[in-house]
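All residue numbers refer to positions in the sequence shown, counting from 1. Treat the numbers as computed from the prediction; the structure is a model and nothing was measured.
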Amino acid sequence: MKIEKTVNIVNRRARFEYEIMEEVEAGMVLTGTEIKSLRSSKASIAESFCQFIEGELYIINMMIDEYKLGTFYNHKTKRERKLLLHKKELQKLEKKLKDAGNTIIPLKLYINDGGKAKVLIALARGKKLFDKRESIKDRENKRTLDRILKKS
């Protein structure tokens, strides 16, 4: 089993589905087998979201595969994992979350230089259908422009 030095798991659908308003870096409370599995890039944040439970922020639906060499100490693949933020940051996010249509989603899961697992979360608002169409048009226009510039 190969363990990578740089772990970078990205939620690719998030920027398409949501309008990002604010980004915050947060730590996570993990068990031993979870961090080992995470270091080998066996995780997914595609369908996950964040929610306040009793004044603390938790990431829900994040999947970290079971550690291959773990015995009966192995973790559950989908469980609520506590996010570590300062009290003022939590209060600020909770205040902004009360606005209609706002949600907190994870954008990126990585391991920093100090070896700590971090997640980049964002306060976001869901896009309407016409906003998504506009994003697709912008992306296609950029591709065609790149093709034209490459040919000339």
Side-chain angles (χ1 to χ4, degrees), residues 1-139 142:
M1 182 162 43
K2 181 184 172 191
I3 296 176
E4 297 177 20
K5 295 226 181 212
T6 58
V7 176
N8 197 7
I9 299 160
V10 180
N11 189 353
R12 300 178 82 200
R13 299 276 310 162
R15 295 196 189 272
F16 180 72
E17 296 284 337
Y18 298 96
E19 172 189 343
I20 308 300
M21 297 187 298
E22 185 179 337
E23 294 180 358
V24 179
E25 181 185 60
M28 287 192 304
V29 176
L30 298 173
T31 63
T33 55
E34 285 176 331
I35 192 69
K36 287 180 179 186
S37 189
L38 189 65
R39 287 181 195 274
S40 56
S41 296
K42 303 286 186 192
S44 172
I45 56 172
E47 297 174 359
S48 59
F49 60 95
C50 299
Q51 186 176 24
F52 279 95
I53 300 173
E54 297 177 11
E56 294 180 343
L57 192 62
Y58 286 86
I59 188 166
I60 299 169
N61 263 354
M62 182 174 87
M63 197 192 85
I64 299 178
D65 286 341
E66 286 188 356
Y67 184 55
K68 193 175 183 181
L69 302 174
T71 55
F72 58 90
Y73 293 113
N74 242 333
H75 61 277
K76 294 178 185 174
T77 55
K78 282 191 177 185
R79 70 171 183 92
E80 299 170 351
R81 293 170 177 90
K82 185 177 172 182
L83 295 179
L84 304 172
L85 289 165
H86 292 284
K87 194 178 221 178
K88 287 185 180 182
E89 290 175 325
L90 283 171
Q91 291 169 350
K92 188 170 123 181
L93 281 174
E94 195 167 17
K95 184 179 174 186
K96 290 184 179 182
L97 193 62
K98 290 184 181 176
D99 293 339
N102 288 351
T103 187
I104 300 174
I105 55 167
L107 297 177
K108 186 175 167 184
L109 180 63
Y110 59 95
I111 294 181
N112 69 359
D113 296 333
K116 308 270 193 237
K118 300 287 183 179
V119 63
L120 183 69
I121 59 174
L123 183 71
R125 178 179 292 126
K127 282 186 181 178
K128 304 287 184 208
L129 182 62
F130 60 87
D131 289 333
K132 291 180 189 177
R133 288 180 185 156
E134 192 174 306
S135 298
I136 293 170
K137 284 180 187 177
D138 290 341
R139 187 173 53 216
K142 184 181 176 198

Engineer: Report the distance from atom CD of Glu47 to atom CG of Asn61, rounding to the nearest 0.5 Å.
Structural biologist: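 If we round to the nearest 0.5 Å, Glu47:CD and Asn61:CG are 6.5 Å apart.
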
Engineer: Can you confirm whether Arg139 is buried at CZ, in the sense that more than 12 heavy atoms of other residues, nucleotides or ligands lie under 6.0 Å from that atom?
Structural biologist: yes

Engineer: For Gly115 versus Arg39, what's the shortest heavy-atom pair and its separation?
Structural biologist: O-NH2, 3.1 Å

Engineer: Mark yes when over 12 heavy atoms from residues, nucleotides or ligands other than Glu94 sit less than 6.0 Å from its CD; otherwise mark no.
Structural biologist: yes

Engineer: Before giving the answer on side chain to side chain contact (heavy atoms under 4.5 Å, CB included), spell out for Met62 and Met28 the whole-Å C-alpha distance, their side-chain angles and the decisive distance to 0.1 Å.
Structural biologist: CA-CA 12 Å; Met62 182 174 87; Met28 287 192 304; 3.8 Å; yes

Engineer: Which residues pass the salt bridge (Lys or Arg N to Asp or Glu O under 4.0 Å) test with Lys92, not counting sequence neighbours?
Structural biologist: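 By the salt bridge (Lys or Arg N to Asp or Glu O under 4.0 Å) rule, Lys92 matches Glu22.
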
Engineer: Please assess Asn8 against Lys108 for the test side chain to side chain contact (heavy atoms under 4.5 Å, CB included), listing each intermediate value before the final yes or no.
Structural biologist: CA-CA 7 Å; Asn8 197 7; Lys108 186 175 167 184; 2.9 Å; yes

Engineer: Going from CG on Leu120 to CG on Asn11, what distance comes out if it is rounded to the nearest 0.5 angstrom?
Structural biologist: 10.5 Å

Engineer: Where do Val24 and Leu123 land on the side chain to side chain contact (heavy atoms under 4.5 Å, CB included) test, with the steps shown first?
Structural biologist: CA-CA 8 Å; Val24 179; Leu123 183 71; over 6 Å; no

Engineer: Can you pull out every salt bridge (charged side-chain N to carboxylate O under 4.0 Å, His left out) where at least one residue sits in residues 25-34? Sequence neighbours excluded, please.
Structural biologist: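 Qualifying pairs: Glu34-Arg79, Glu34-Arg81.
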
Engineer: Under 3.5 Å, side chain of Gln91 to main-chain N/O of Lys88, donor-acceptor pair present?
Structural biologist: no

Engineer: Sequence neighbours left out, what passes side chain to side chain contact (heavy atoms under 4.5 Å, CB included) with Leu90? Give chain and number order.
Structural biologist: Phe52, Leu57, Leu85

Engineer: Restricting to salt bridge (Lys or Arg N to Asp or Glu O under 4.0 Å), what partner residues turn up for Arg15, sequence neighbours left out?
Structural biologist: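 So Arg15 forms a salt bridge (Lys or Arg N to Asp or Glu O under 4.0 Å) with Glu23.
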
Engineer: Once rounded to the nearest 0.5 Å, what's the spacing between atom NZ of Lys96 and atom OG1 of Thr103?
Structural biologist: 14.5 Å

Engineer: Listed by chain and number, what are the side chain to side chain contact (heavy atoms under 4.5 Å, CB included) partners of Ala124, not counting sequence neighbours?
Structural biologist: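 If we apply the side chain to side chain contact (heavy atoms under 4.5 Å, CB included) test to Ala124, skipping adjacent residues, the hits are Tyr18, Ile20, Ile105.
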
Engineer: Determine the minimum heavy-atom distance between Cys50 and Pro106, stating which atoms define it.
Structural biologist: SG-CD, 4.4 Å

Engineer: With sequence neighbours excluded, tell me which residues meet side-chain hydrogen bond (donor to acceptor under 3.5 Å, both in side chains) with Tyr58.
Structural biologist: Glu56

Engineer: Mind checking the CG-CD spacing from Asn102 to Glu19? Nearest 0.5 Å is all I need.
Structural biologist: 9.0 Å

Engineer: Who are the side-chain hydrogen bond (donor to acceptor under 3.5 Å, both in side chains) partners of Lys78, not counting sequence neighbours?
Structural biologist: none

Engineer: Applying side-chain hydrogen bond (donor to acceptor under 3.5 Å, both in side chains), can you list everything that pairs with Arg13, at least two apart in sequence or on another chain?
Structural biologist: Glu17

Engineer: Quick one: which of Leu93, Ile59, Leu109, Leu107 gives a side-chain contact (heavy atoms from CB on, under 4.5 Å) with Ile121?
Structural biologist: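 In the set Leu93, Ile59, Leu109, Leu107, the residue that makes a side-chain contact (heavy atoms from CB on, under 4.5 Å) with Ile121 is Leu93.
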
Engineer: Begin with the C-alpha distance, continue with both residues' side-chain angles, and end with the deciding distance and a verdict on side chain to side chain contact (heavy atoms under 4.5 Å, CB included) for Lys118 and Ile111.
Structural biologist: CA-CA 6 Å; Lys118 300 287 183 179; Ile111 294 181; over 6 Å; no

Engineer: Could you report the tightest heavy-atom contact between Leu38 and Ala117, atom names first, then the distance?
Structural biologist: CD2-CB, 3.7 Å

Engineer: Name all residues meeting the side-chain hydrogen bond (donor to acceptor under 3.5 Å, both in side chains) criterion together with Ser135; count only those two or more places apart in sequence or in a different chain, and write none if there are none.
Structural biologist: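 Residues passing side-chain hydrogen bond (donor to acceptor under 3.5 Å, both in side chains) with Ser135: Lys127.
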
